[in-house]
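Data block below; observations after.
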There are 2 protein chains.
Amino acid sequence: MTDGVAERSRPRDRILETAQDMFHKHGIKGVGVDAITEAAGTNKMTLYRHFESKDELIIECLRATAAKASRIWDEFEAKHPGDKLAQLHAWVQKASELLSADSRGCDMANAAVELTETDHPARRVIKELKEAQREKLVALCRDAGIGQAELLADTLSLLLEGARVSMQSVGAEGPSAQFVRMAESLIASFRAR
Amino acid sequence: MTDGVAERSRPRDRILETAQDMFHKHGIKGVGVDAITEAAGTNKMTLYRHFESKDELIIECLRATAAKASRIWDEFEAKHPGDKLAQLHAWVQKASELLSADSRGCDMANAAVELTETDHPARRVIKELKEAQREKLVALCRDAGIGQAELLADTLSLLLEGARVSMQSVGAEGPSAQFVRMAESLIASFRAR
DNA sequence: GCTGGAAGTTACAGACCGGTAACACCCTAG
DNA sequence: CTAGGGTGTTACCGGTCTGTAACTTCCAGC
């Protein structure tokens, strides 16, 4: 029915995959566990046998999303082995593609917006994962031979984060449409210094 | 008790102000109408006499927030009458101050993240208000004599939007800490063209 | 074929949600 | 003094939420 999830995988995997998808599309507080299990072709009891709470499921979803993002970084290295500057341009290109393909932005940032309780267990996970991603981009910039690597990486981060959230407010024809141009001219300007 | 809202204003104003504050702090779906009315020192019936639904209240809150932001723009004109470039720097400065003062970001962007239903009545309001703000910034850049005014305005928009959402994920010590430096060097670079 | 564990089913608890009805109150304008 | 509108109070509706209990069914490994 509303599946799209491979029918013959194990319930835990189906739940995780379905939850990722539904949290992404409808937001965390916009989806109940009943809806997830139904879409995953299973039931609530099975969910609670594999995840001790909805919060725990949320955290597992965020980790899974981060793992997917990590695999994309591997593609950069595979396509441009050793050429860090080419990988940086590939990062810009990939970010732009993801912007075009989907207008619901970053799951971790969205989760941070939704989960406002300062002691929510997902918040520390979000922070850890985001910091890891930041480190990766800083390293990439540095290895690409850019002087102020941290500053470039942080600027690119903010631009992308901004593009993703801007799309949700004003759509794809807003400021985010110029993301590639902004990012590329930024990189050029940092390389010229 | 949990007030902070002037006790002797009219119920409608107290509700609106309290709702703005609570939506901002805890998110829209994280606050029920009961909690709002209680904090505003009134009751649910009175809320529904002034607002036909929670959605309507949300929209009024967003409009009120935008109106506050609009008043900040008036300050720029008042402090630097006619000097658009100084006003642009004041914009950067003010944005930075707001970043330091509060880590819950932009109410409209946050609402867009939370309200995922594509036909939610608040979404068109968010888009309108955000587009109006964009126009203001573009006009300011253009009147400051900058060539590619749209591009600068959009870049600054994304940087600020990104800084606001980044703070919610990784805190004030993350990439957003460099916002002023990024914005100022951007402006300088655009002016040099 | 038997057995044990994973998965499905049904029902429910307890809380909270947005929204409404009915009625008592108070305060101000006439 | 009185009338009436704005406000407060209480109780309620139907729905949804996370999470659990008790029980049945299925299926793979022996």
Side-chain angles (χ1 to χ4, degrees), chain A residues 1-3 5-20 22-23 25-62 111 114-117 119-123, chain B residues 1-3 5-23 25-62 111 114-117 119-123 125:
Chain A
M1 292 284 176
T2 18
D3 265 339
V5 171
E7 211 21 279
R8 273 311 89 190
S9 52
R10 283 141 97 204
R12 188 181 194 281
D13 298 335
R14 275 181 286 152
I15 289 169
L16 202 53
E17 203 163 334
T18 308
Q20 271 183 266
M22 295 184 74
F23 285 153
K25 283 182 187 153
H26 311 297
I28 291 174
K29 298 204 179 175
V31 176
V33 291
D34 267 322
I36 294 171
T37 55
E38 188 181 350
T42 177
N43 57 73
K44 198 157 48 168
M45 270 316 302
T46 299
L47 186 153
Y48 279 103
R49 284 189 193 108
H50 290 289
F51 305 94
E52 70 175 18
S53 67
K54 185 185 181 182
D55 284 348
E56 207 61 42
L57 174 62
I58 293 167
I59 289 174
E60 289 305 310
C61 284
L62 293 175
E114 282 199 84
L115 308 176
T116 61
E117 307 98 314
D119 60 344
H120 192 290
R123 294 197 69 86
Chain B
M1 291 285 176
T2 15
D3 265 340
V5 172
E7 210 22 278
R8 271 314 88 190
S9 52
R10 282 140 100 206
R12 187 181 195 281
D13 298 333
R14 275 180 287 153
I15 290 170
L16 202 54
E17 203 163 334
T18 308
Q20 273 183 264
D21 183 55
M22 295 184 75
F23 286 153
K25 284 182 188 156
H26 311 297
I28 290 173
K29 299 203 181 176
V31 177
V33 291
D34 268 323
I36 294 170
T37 56
E38 188 182 349
T42 176
N43 56 73
K44 198 155 50 167
M45 271 314 302
T46 300
L47 186 153
Y48 280 102
R49 285 187 192 110
H50 290 287
F51 305 93
E52 70 175 20
S53 66
K54 185 185 180 182
D55 284 348
E56 207 61 41
L57 174 62
I58 293 167
I59 290 173
E60 288 306 309
C61 284
L62 292 175
E114 281 199 84
L115 307 175
T116 61
E117 307 99 312
D119 60 343
H120 193 290
R123 293 198 70 87
V125 177

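Residue numbers start from 1 in every chain, and the chains themselves are labelled A, B, ... in the order their sequence lines are given, proteins ahead of strands.
- In this structure, of D/dA21, D/dT18, C/dT20, it is C/dT20 that holds the atom nearest to the side chain of B/M45.
- Contact annotation: A/H50 side-chain N/O to C/dA6 OP1/OP2 distance is not under 4.0 Å.
- Following rounding to the nearest Å, B/R10 (CZ) and D/dT7 (P) show an atom-to-atom distance of 8 Å.
- In this structure, the nucleotide among D/dA22, D/dT18, C/dG19 sitting nearest to the side chain of B/K54 is C/dG19.
- Nucleotide D/dG8 holds its C1' atom 19 Å from the CZ atom of B/R12, rounded to whole Å.
- Side-chain proximity of B/T46 to D/dG19, D/dT7, C/dG19: nearest is D/dT7.
- One can place CZ of B/R14 at 11 Å from C1' of D/dG8, the figure rounded to the nearest angstrom.
- Annotation: proximity of residues 25-36 of chain A to DNA chain D (heavy atom, distance under 4.0 Å) is found for A/V31, A/G32, A/V33, A/D34, numbered in ascending order.
- Evaluation of atom-type donor-acceptor distances gives a pair under 3.5 Å for the side chain of A/R49 against the base of C/dG8.
- Atom CZ of A/R49 is separated from atom CZ of A/R12 by 14.5 Å, given to the nearest 0.5 angstrom.
- B/L47 places its CG atom 10 Å from the P atom of C/dG18, with the value rounded to the nearest Å.
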Does the pair B/T18 and B/D21 meet the rule for a side chain to side chain donor-acceptor pair (under 3.5 Å), with working shown?
CA-CA 5 Å; B/T18 308; B/D21 183 55; over 6 Å; no
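- For B/N43, the side-chain atoms get nearest to D/dT9 when compared with the rest of D/dT18, C/dT10, D/dT9.
- Taking CD1 of B/I15 as the reference point, atom OH of B/Y48 lies at 10.5 Å (rounded to 0.5 Å).
- Closest-nucleotide positions on DNA chain D for B/P11 and A/E52 were compared, and the one nearer the 5' end corresponds to B/P11.
- Rounding to the nearest 0.5 Å gives a distance of 6.5 Å between CG of B/L115 and NZ of B/K29.
- Contact check, A/T42 against C/dA7: no side-chain N or O comes under 4.0 Å of OP1 or OP2.
- Of the residues listed (B/I36, B/I28, B/L62), the one engaging B/L57 in a side-chain contact (heavy atoms from CB on, under 4.5 Å) is B/I36, and it is the only one.
- Here the NE2 atom belonging to A/H50 is positioned 8.0 Å from the CZ atom belonging to A/R10, to the nearest 0.5 angstrom.
- Residue B/K44 contributes atom NZ, which lies 22 Å from atom P of D/dG6 at whole-angstrom precision.
- Minimum interatomic distance between B/V31 and B/H26 (heavy atoms only, all atoms of both residues): CG2-CB, 3.6 Å.
- Rounded to whole Å, the distance from CD on A/E38 to C1' on D/dT16 is 14 Å.
- Counting to the nearest Å, the P atom of C/dA13 and the OH atom of A/Y48 are 18 Å from each other.
- Per the geometry, CZ belonging to A/F51 stands 11 Å off P belonging to C/dA7, to the nearest Å.
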